[in-house]
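Down below is the structure, laid out as structure tokens.
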Amino acid sequence: MNLIQDLRWRGLVAQSTDEKALAEAVKKPITLYIGFDPTAPSLHVGNLVVLLVLRRFQLAGHNPIALVGGATGLVGDPSGRNDERTLNSNDVIEGWVKGIRIQLSAFLDFETRVNPALIVNNLDWTSPLSVIEFLRDIGKHFSVNQMLAKDSVAARLESGGISYTEFSYQVLQSYDYLELFRRNSCTLQIGGSDQWGNIVAGLDLIRRVESGNAHALTVPLLTKSDGSKFGKTAGGNIWLDPTMTSPYAFFQFWLNSEDKDVINFLKVFSFKSQEQISELEKSHAQNPGLRQAHRELAREVTTLVHGADAAVRVESAAQALFGQGDLTALDEPTLASALAELPRTTISKNQEIPSWVDLLAATGVVESKSAARRVVRDGGAYLNNERVTSPDYAPSKSEFLCGKYAVLRKGKRDLAAVEII
RNA sequence: GGCGGGUUGCCCGAGCGGCCAAUGGGAGGGGACUGUAAAUCCCCCGGCUUAUGCCUUCGAAGGUUCAAAUCCUUCACCCGCCA
């Protein structure tokens with residue numbers, strides 16, 4: 001089975017230019033790229049879909065380039081949005097570029113002799129360009145008629161309108177592709193399916209300027225079985241940055257996948273073989289309650305993103321704290337290391353112990369004390385797995401495990417820790 | 001530049017002087033049932049030292065009024081048509 005077939009099996013192919021030609025081309029090592037615009041301080045699980053495709057290509061012997069959009073991020077991609085982006089300052093974008101660069105590098109191999117990965121920033125070739133050069137050398141090859149016809153632009157003309165800035169985005173992205181075609185003989189660009197228009201515009205440019213032939217491949221927008229957006233939860237996005245989404249929360253995110261999604265997620269996010277995945281599918285069908293597939297998924301993705309140590313830590317933390325009615329049975333080291341993974345708050349030894357409501361609010365698990373009170377009133381409040389019923393309830397010192405820890409729980413699975421120091 | 005329409009809570013969207021912290025839907029939270037799943041049903045959903053209490057919200061700033069999301073003025077932004 002070749003790479004393209006495997007991608008297809010994993011549901012990772014939305015559109016491509018001439019698939020036969022592409023399948024033929026990837027028989028030999030090619031150079032390909034994917035762009036990531038800095039739209040936030042960190043990448044999120046949505047970006048992971050495409051990023052892992054890049055990794056799959058590298059594992060198959062191809063030369064991957066990850067492009068950070070230091071330039072395009074300043075302009076803003078209209079694709080998939082129905083309103084204009086607010087521009088961020090150069091400093092902010094620059095900071096994001098740095099962070100994202102580091103994140104990207106964790107998924108690629110730079111050491112290998114044969115096909116080392118490359119990270120580039122499109123600001124490097126865009127910023128030296130003068131306006132006149134841009135308009136004459138690049139702009140001349142674009143027809144406004146065609147630009148207007150792109151989905152991303154057409155949709156915006158329908159809804160909120162579009163600025164000249166964002167309208168120009170496709171030209172910049174096309175130029176990136178041309179530049180990488182020239183510099184690195186890059187002949188394949190991959191992106192999310194909303195990137196099709198931008199990528200194809202690049203192919204046109206390459207054909208016009210260099211009479212070159214290159215390929216495009218897009219990956220479907222990942223949705224959950226109910227059609228809702230993947231990767232969004234109550235707390236917002238699931239980020240790869242451990243300070244923005246803790247490894248514990250990250251692991252839980254995958255573990256809590258819906259049954260209907262889990263096999264699909266394994267195909268998209270894991271590097272397990274088809275045989276391994278169909279084994280898991282079988283075991284899941286036999287005993288869904290065991291959630292074998294969920295566990296494997298959570299383990300693998302957490303390991304990939306946060307490392308093996310973190311993955312083991314957060315899984316055993318969950319094991320120690322979950323379900324087990326009796327937390328007092330845990331020994332101190334186990335308890336301490338499990339709690340270390342949770343959102344937490346500390347109180348001082350001499351201080352009077354605040355109420356459950358105040359403690360929970362202090363951990364940041366709820367947005368306000370009112371919200372915490374509501375949880376108590378609705379019966380979703382727990383201290384060390386015992387339900388808290390009074391809104392004014394304040395734990396006593398004797399209730400602290402090992403004399404210093406308390407586990408707060410909101411609802412079924414939202415845990416937080418309190419430590420006396 | 002002219003004329004017209006718009007800006008409401010996380011999102012969509014009602015309200016058009018008092019009964020408005022503001023209808024409804026979605027998202028979200030809690031409970032029951034379960035498997036840290038889904039579906040279903042019930043409850044909640046601005047904040048505060050929980051209060052027939054106070055505070056802050058309906059683009060921004062002023063004004064009219066006993067009383068304004070609702071009326072007036074100015075400003076900002078968005079949309080449409082015309083130039």
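In the text below, chain A, chain B and the rest are named by the order of the sequence lines, each starting its count at 1.
For C10(B) and U57(B), the C1' atoms lie 14 Å apart once the distance is rounded to whole Å. Nucleotides U74(B) and C66(B) are separated by 24 Å at their P atoms, to the nearest Å. The separation of G17(B) from C72(B), taken at their P atoms, amounts to 11 Å, rounded to a whole angstrom. Taking atom P on both nucleotides, C78(B) is separated from U73(B) by 22 Å, rounded to a whole Å. Comparing G26(B) with C75(B), their C1' atoms sit 34 Å apart, to the nearest whole Å. Nucleotides A68(B) and A21(B) are separated by 15 Å at their C1' atoms, to the nearest Å. With both ends at atom C1', the span from G15(B) to C71(B) equals 15 Å, rounded to whole Å. Separating the P atom of G5(B) from that of C11(B) is a span of 26 Å, rounded to the nearest Å.
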Under 3.5 Å, which protein N or O atoms sit close to an N or O of nucleotides 46-49 of chain B? Give each pair with its distance.
residue: G47(B); atom: OP1; partner: Ser368(A); partner atom: OG; Å: 2.9
residue: G47(B); atom: OP1; partner: Arg374(A); partner atom: NH2; Å: 3.4
residue: G47(B); atom: OP2; partner: Arg374(A); partner atom: NH2; Å: 2.5
residue: C48(B); atom: OP1; partner: Lys369(A); partner atom: N; Å: 2.8
residue: C48(B); atom: OP2; partner: Ser370(A); partner atom: N; Å: 2.7
residue: C48(B); atom: OP2; partner: Ser370(A); partner atom: OG; Å: 2.0
residue: U49(B); atom: OP1; partner: Lys369(A); partner atom: NZ; Å: 3.2

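The side chain to side chain contact (heavy atoms under 4.5 Å, CB included) test with Leu43(A) singles out one residue from Asp241(A), Ile100(A), Leu48(A), and that residue is Ile100(A).
How far CD of Glu179(A) is from SG of Cys186(A): 11.5 Å, rounded to the nearest 0.5 Å. If you take OG1 on Thr218(A) and CG on Leu221(A), they are separated by 10.5 Å, rounding to the nearest 0.5 Å. Taking CD1 from Ile420(A) and SG from Cys402(A), the interatomic distance works out to 11.5 Å, rounded to the nearest 0.5 Å.
Side chains of Ser163(A) and Glu166(A): a donor-acceptor N/O pair is absent below 3.5 angstrom, by distance only.
At least one side-chain heavy atom of Val153(A) sits under 4.5 Å from a side-chain heavy atom of Gln170(A). Leu335(A) is listed as a side-chain neighbour of Leu401(A), based on a closest heavy-atom distance under 4.5 Å. Side-chain contact between Arg377(A) and Pro391(A): absent, with no pair of heavy atoms (C-beta onward) separated by less than 4.5 Å.
Between Tyr382(A) and the phosphate of G31(B), there is a side-chain N or O to OP1/OP2 separation shorter than 4.0 Å. Under 4.0 angstrom from either OP1 or OP2 of G30(B) there lies at least one side-chain N or O belonging to Lys410(A).
Counting only Watson-Crick and G-U wobble pairs whose two key distances fall under 3.5 Å, RNA chain B forms stems of three or more stacked pairs at B:1-7 with B:76-82, B:10-12 with B:24-26, B:28-32 with B:40-44, B:46-48 with B:53-55, B:59-63 with B:71-75.
Using cut-offs of 30° and 60° for the angle between ring planes, the Phe269(A) and Phe265(A) rings count as perpendicular. Aromatic ring orientation, Phe250(A) versus His306(A): perpendicular (interplanar angle above 60°, classes split at 30° and 60°).
Seen from the ring of Phe322(A), Arg413(A) does not count as a face-on cation partner, given the 6.0 Å and 45° thresholds.
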### Message
Across nucleotides 35-42 of chain B, 5' to 3', mark each nucleotide with B, S or - according to how protein heavy atoms within less than 4.0 Å reach it.
### Response
BBBS----

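Atom C1' of nucleotide G29(B) and atom CZ of Arg409(A) are separated by 15 Å, given to the nearest angstrom.
Taking the nucleotide of RNA chain B with the nearest heavy atom to each of Arg387(A) and Asp392(A), the more 5' of the two is matched to Arg387(A).
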### Message
For Glu279(A) and Lys272(A): C-alpha separation, side-chain torsions, deciding distance, then whether salt bridge (charged side-chain N to carboxylate O under 4.0 Å, His left out) applies.
### Response
CA-CA 11 Å; Glu279(A) 272 309 304; Lys272(A) 293 186 193 309; over 6 Å; no

